[in-house]
Amino acid sequence: GRVRKVNAWLGPGGTVSPLHTDRFDNILQQVVGDKYVRIYAPQHGKALRPGVGTLSNTSDLDIGGEASTFGPDGANAAASSLPFTEGI
């Protein structure tokens, strides 16, 4: 398909992004350091408590690290966990 929009996200060590959805396709390349990505299936969207208005793509849940749980609405939402290291 045709590329509709391209974003580049750069951050210093220790950068943490909140649980959110991306409206466009992404390509992730970890240049330096490590990054941990957790991906949920679209059917779990409402259980992950999206915000409203300009923050409608960002959840108000703090999902923390790998072992966190986040309440009765989202506790059964299975995720794919993807650790990235530089060069991968």
- Message: Using the side chain to side chain contact (heavy atoms under 4.5 Å, CB included) definition, which of the options Thr58, Leu55, Leu48 pairs with His20?
- Response: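 Considering Thr58, Leu55, Leu48, a side chain to side chain contact (heavy atoms under 4.5 Å, CB included) with His20 is found only for Thr58.
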- With sequence neighbours excluded, what pairs up with Asp60 under the salt bridge (Lys or Arg N to Asp or Glu O under 4.0 Å) test?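 Asp60: salt bridge (Lys or Arg N to Asp or Glu O under 4.0 Å) contacts with Arg49.
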- Task: Indicate if Leu28 and Ile39 have the same hydrophobic cluster label, given that clusters are the connected sets of ILVMFWY residues with side-chain heavy-atom separations under 4.5 angstrom.
- Result: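 In one cluster with Leu28: Ile39, yes.
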- Shortest non-hydrogen contact from Thr54 to Asn57?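 So the two residues come closest at O-OD1, 4.2 Å.
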- Message: If I compare all heavy atoms of Pro50 with all of Gly45, which pair ends up nearest, and what's the gap?
- Response: CD-O, 3.4 Å
- Task: Start with the C-alpha distance between Val37 and Phe84, add both sets of side-chain angles, then the distance that settles side chain to side chain contact (heavy atoms under 4.5 Å, CB included), and finish with yes or no.
- Result: CA-CA 8 Å; Val37 177; Phe84 287 84; 3.7 Å; yes
- Query: Looking only at atom types and distance, does a side-chain atom of Gln30 sit under 3.5 Å from a main-chain N or O of Val32, one as donor and one as acceptor?
  - Reply: yes
- Enter the distance from Leu19:CG to Arg38:CZ here, rounded to the nearest 0.5 Å.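 Rounded to the nearest 0.5 Å, the CG-CZ separation comes to 8.5 Å.
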